[in-house]
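Below is one structure, written out as structure tokens; comments come after it.
Just follow the structure's listing: the first ligand is 1, and inside any ligand the first atom is 1. Numbers for residues simply follow the sequence, beginning at 1. This is a predicted model, so every value here is computed, not measured.
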Amino acid sequence: MRIAIIGAGIIGAAVADALAVRGAEVFMYDMRAPGKGASQASAGVLCPYIEATSGSPLLALGARSLSMWDDWVAAVLARSSRSFHYARTGTLEVAFGDAGGSHLQQSAAWLAAEGVAHEWLDRAALKDFEPQASALATSGLYIAGHAHVDVPALVAALMSAARQHGATCETPTEIIHIEQKSDVVHVRVGDPASSRPLEVDHVVIAAGSWSRRVRVAGAPVFPVRPVRGQLLHLAWTDAALPRRSVWGPRCYTVPWPDGTVLVGATVEDVGFDERSTVDGVRGLMDAVSELLPAAARASLRSVRVGLRPATADQLPLLGPLKDHPRITLAAGHYRNGILLAPYTADVVTRMILDKERDPLLALTRPDRTSLSNIPPG
Ligand code: GLY
């Protein structure tokens, strides 16, 4: 089967790898190099029990995908010539003051009801557990099942595995036009009048916020909008690295084996503006210095910026387009594209190659009515 994938970020790369390894002929397109869109805004923390709320549809998707990560990582590492760092070392959320403490206690009660392993830490226990956390922090909540992954290296490993199985990737590409003609789909890159179409059996649109710029004949513009995230990459200098991903009220951090720490992330509704700003950087610097005081002595290595693809209800658009069954949308993963990558790759592959439909996809139908109020832009 011939399949075109529009977008070579984490979702496009994961889908390409999964389809190519099953024998599909995969053609990828992106307007820039792989992994340079939303993936840039991610520090790679896989933490559905922080990102989602109790009983939410996002939690069902996130928990399911988190359970797939260990096996998925082993399989990708086995078939790729590239390696990447992945650690299931948990997350530590810390609170300041009474209000923060009671919020963490509510989270602990919810996790207990869900049967999720966790540990609530009082001030003294927190000091032993994470010596780098601020002495002003009053309590902590450790969730051992959370993990983190080096996103750029993961995207490179997925692209390498997909290419080893014959996938091609054309970059940079401009506007893409797609048209389903009964049981074949035409893909045209650039000027639709002058380019010859690629004929494929199926198209997967996984271009994050840029999915709204993909033109599908007879379909409305996809309701995805960009939300900017700025991240700091710090080189830790004269203190021990934090032992795991630490979350505070205004930022989160991820330690890396090379002695650096990623600090995330701003959440800014500024359209397709991928610049870093003084305000964004200053806010993150203040927040991380409050959370991990040694950060004030770290050096600033770089600022990363990415655009998360948001939807009105913060759930992805995942499934075939209404009236265009050979065109599948896999976009709008907002803050959880990395977490949801193995689930997305698996359900898209089974949907296209095996005609199987995961029941959770009822939550992510691209034409659900809750999306009608997305602002244009
Ligand atoms: N996944 C966290 C963020 O998007 O900032």
Side-chain angles (χ1 to χ4, degrees), residues 9-11 14 35-53 56-59 61-66 69 85-94 107 143 145-155 206 208-210 224-234 242 244-256 261-270 272-274 276-277 279-281 283-288 291 302-316 331-344:
I10 181 65
I11 298 296
K36 295 294 178 204
S39 308
Q40 287 292 312
S42 175
V45 194
L46 313 172
C47 55
Y49 298 104
I50 293 178
E51 289 284 352
T53 49
S56 66
L58 180 61
L59 184 64
L61 292 167
R64 168 86 164 274
S65 201
L66 182 66
W69 264 85
H85 180 73
Y86 167 73
R88 208 179 257 273
T89 45
T91 53
L92 172 68
E93 208 175 344
V94 307
S107 299
I143 304 176
H146 284 160
H148 62 267
V149 65
D150 180 342
V151 178
L154 169 62
V155 174
S209 306
W210 290 269
V224 189
R225 72 192 160 83
V227 173
R228 184 168 69 191
Q230 303 186 44
L231 289 145
L232 308 181
H233 191 194
L234 304 181
R244 57 187 59 74
S245 173
V246 181
W247 289 61
R250 296 194 291 140
C251 72
Y252 54 83
T253 62
V254 188
W256 297 99
V261 172
L262 274 174
V263 182
T266 62
V267 180
E268 302 166 88
D269 204 347
V270 291
F272 284 91
D273 180 349
E274 294 177 272
S276 57
T277 63
D279 243 9
V281 170
L284 289 170
M285 284 180 167
D286 288 348
V288 71
L291 183 64
S302 63
V303 181
R304 275 167 45 177
V305 184
L307 301 178
R308 309 174 184 87
T311 61
D313 59 7
Q314 303 192 0
L315 289 175
H333 292 69
Y334 189 40
R335 295 175 61 94
N336 291 290
I338 313 303
L339 170 65
L340 296 176
Y343 172 75
T344 303

- Item | Numbered atoms and elements of ligand 1 in range of E51, under 4.0 angstrom, heavy atoms | 1 (N), 2 (C)
- Message: Within the 4.5 Å heavy-atom criterion, are H148 and I338 side-chain neighbours or not?
- Response: no
- For A265, take its heavy atoms, then give the atoms of ligand 1 lying under 4.0 Å from any of them. 5 (O)
- Fit a plane to each ring of H85 and W256, take the angle between them on a 0 to 90° scale, and name the class: parallel (under 30°), tilted (30 to 60°) or perpendicular (over 60°). perpendicular
- N or O pair under 3.5 Å between R335 and ligand 1: yes
- Task: Tell me which part of Y334 gets within contact of ligand 1: side chain, backbone, both or neither, using heavy atoms under 4.0 Å.
- Result: neither
- Item | Donor-acceptor pair between T344 and H333 side chains, under 3.5 angstrom | yes
- Message: Against E93, only a single residue in Y49, Y252, W247 fulfils side-chain contact (heavy atoms from CB on, under 4.5 Å); can you say which?
- Response: W247
- Message: Under a 4.0 angstrom heavy-atom cut-off, which atoms of ligand 1 come close to Y252?
- Response: 2 (C), 3 (C), 5 (O)
- Query: T89 side chain to R244 main-chain N or O, any donor-acceptor pair under 3.5 Å?
  - Reply: no
